[in-house]
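Note that these values count all heavy atoms, side chains included, but never hydrogens, waters or copies made by symmetry.
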Amino acid sequence: MNDKILLQNMMFYGYHGVYEYEREQGQKFYVDVELYMDSKQACDTDDLQQTVDYVAAYFQIKTIFETKKFNLMEALADHIGKTLLQGLISKVVVRVRKPGAPLPGEFDYVQFETTVCREI
C-alpha cells in the first residue's frame, strides 16, 4: 500500500532523555509520522469513517508526550508507532527530532526513525 497520510513537524514539549535534567526541565521535540493505509474506500465514498482520522492521531501522540517519560528517543518513537498501528493503518513511520540533545558541538538536531508494521 502506497497511500499515506503525513503529519509533519509537529512540536511537543516533553520530559524525555537519559539525563535527569532533561526529564526535569523538559525540551521541545519535533515529530513526523507517516500513516500507511488503503484509501480506496475513502476515495470512493468521501466518508471520514473510511479513512484515518489524523486529528485523532495527533491527539494520541500529544497524549503520549504529556503523560509518559522515556529515556530514549528509540523507545518513544516505537511507542508512538505501536499506538498508532490500529484500524485501517497497516504501517507507521515515526521520526522524532531532538534539537536540544546534549551534544558538545553545533548541530540542528538528532533524529531517530522507526517503522512499525502489522504482523502478517
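- Residue Val18 is not grouped with residue Phe112 when hydrophobic side chains (ILVMFWY) are merged at heavy-atom distances under 4.5 angstrom, including chains of intermediate members.
- Here CG of Asn71 is found 10.5 Å from NE2 of His16. Values are rounded to the nearest 0.5 Å.
- The OG atom of Ser39 sits 8.5 Å away from atom CD1 of Ile5, with the distance rounded to the nearest 0.5 Å.
- If you chain together ILVMFWY residues whose side-chain heavy atoms come under 4.5 Å of each other, Leu48 ends up in a group of its own.
- Among residues two or more places apart in sequence or in another chain, the side-chain contact (heavy atoms from CB on, under 4.5 Å) test is passed with Gln111 by Arg95, Arg97, Tyr109, Glu113.
- Hydrophobic clustering (ILVMFWY, side-chain heavy atoms < 4.5 Å, transitive): Val110 and Val94 are in one cluster.
- Side-chain contact between His79 and Lys68: present, with at least one pair of heavy atoms (C-beta onward) separated by less than 4.5 Å.
- Side chain of Asp32 to backbone of Asn9: a donor-acceptor contact under 3.5 angstrom is found.
- Dense packing is recorded around CD of Gln8, with more than 12 heavy atoms of other residues, nucleotides or ligands lying under 6.0 Å away.
- In this structure, Ile61 and Met10 have side chains that are in contact, with non-hydrogen atoms separated by less than 4.5 Å.
- Using a 4.5 Å heavy-atom cutoff, the side chains of Leu35 and Leu7 are in contact.
- When the options Ile80, Thr83, Leu84, Thr115 are evaluated for a side-chain contact (heavy atoms from CB on, under 4.5 Å) with Val92, the one that passes is Leu84.
- Partners of Asp108 under the salt bridge (charged side-chain N to carboxylate O under 4.0 Å, His left out) rule, at least two apart in sequence or in another chain, do not exist in this structure.
- No chain of hydrophobic side-chain contacts below 4.5 Å, direct or via other Ile, Leu, Val, Met, Phe, Trp or Tyr residues, connects Met73 to Tyr21.
- Applying the side-chain contact (heavy atoms from CB on, under 4.5 Å) rule to Thr63 yields the partners Thr67; only residues at least two apart in sequence or on another chain are considered.
- Separation of atoms NZ (Lys28) and NZ (Lys98) is listed at 15.5 Å; rounding is to 0.5 Å.
- Note that the CD atom of Gln50 and the CG atom of Leu88 stand 7.0 Å from one another [nearest 0.5 Å].
- For the residue pair Ala77 and Val96, the shortest heavy atom distance occurs at CB-CG2, 3.8 Å.
- Connection of Ile89 to Tyr54 is established within a shared hydrophobic cluster, with ILVMFWY side chains joined at heavy-atom distances below 4.5 Å, either directly or through further cluster members.
- Annotation for Tyr19: atom OH does not count as buried by contact number, only 12 or fewer foreign heavy atoms lying within 6.0 Å.
- Annotation: Asp47, atom CG; neighbour count of heavy atoms from other residues, nucleotides and ligands within 6.0 Å is above 12.
- Atom OG1 of residue Thr114 and atom CG of residue Leu76 lie 11.0 Å apart, to the nearest 0.5 angstrom.
- A donor and an acceptor atom, one from each side chain of Tyr36 and Glu34, are located under 3.5 Å apart.
- Side-chain atoms of Val33 and Leu6, non-hydrogen and from C-beta on, never get closer than 4.5 Å to each other.
- The OG atom of Ser90 sits 9.0 Å away from the CE atom of Met37 when rounded to the nearest 0.5 Å.
- The list of salt bridge (charged side-chain N to carboxylate O under 4.0 Å, His left out) pairs with a residue in residues 6-17, not counting sequence neighbours, is empty.
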Could you walk me through whether Ile64 and Phe12 pass the side chain to side chain contact (heavy atoms under 4.5 Å, CB included) check? CA-CA 10 Å; Ile64 290 168; Phe12 300 102; over 6 Å; no
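- A continuous path of ILVMFWY side-chain contacts below 4.5 Å connects Phe59 to Phe29, so both sit in one hydrophobic cluster.
- Centroid-to-centroid, the aromatic rings of Phe65 and Phe70 stay 6.0 Å apart or farther.
- Summarising the hydrophobic clusters (Ile, Leu, Val, Met, Phe, Trp, Tyr; side-chain heavy atoms under 4.5 Å, direct or chained), the residues clustered with Tyr30 are Met11.
- Ring orientation note: the planes of Tyr13 and Tyr15 are nearly perpendicular, at an angle over 60° on the 30°/60° scale.
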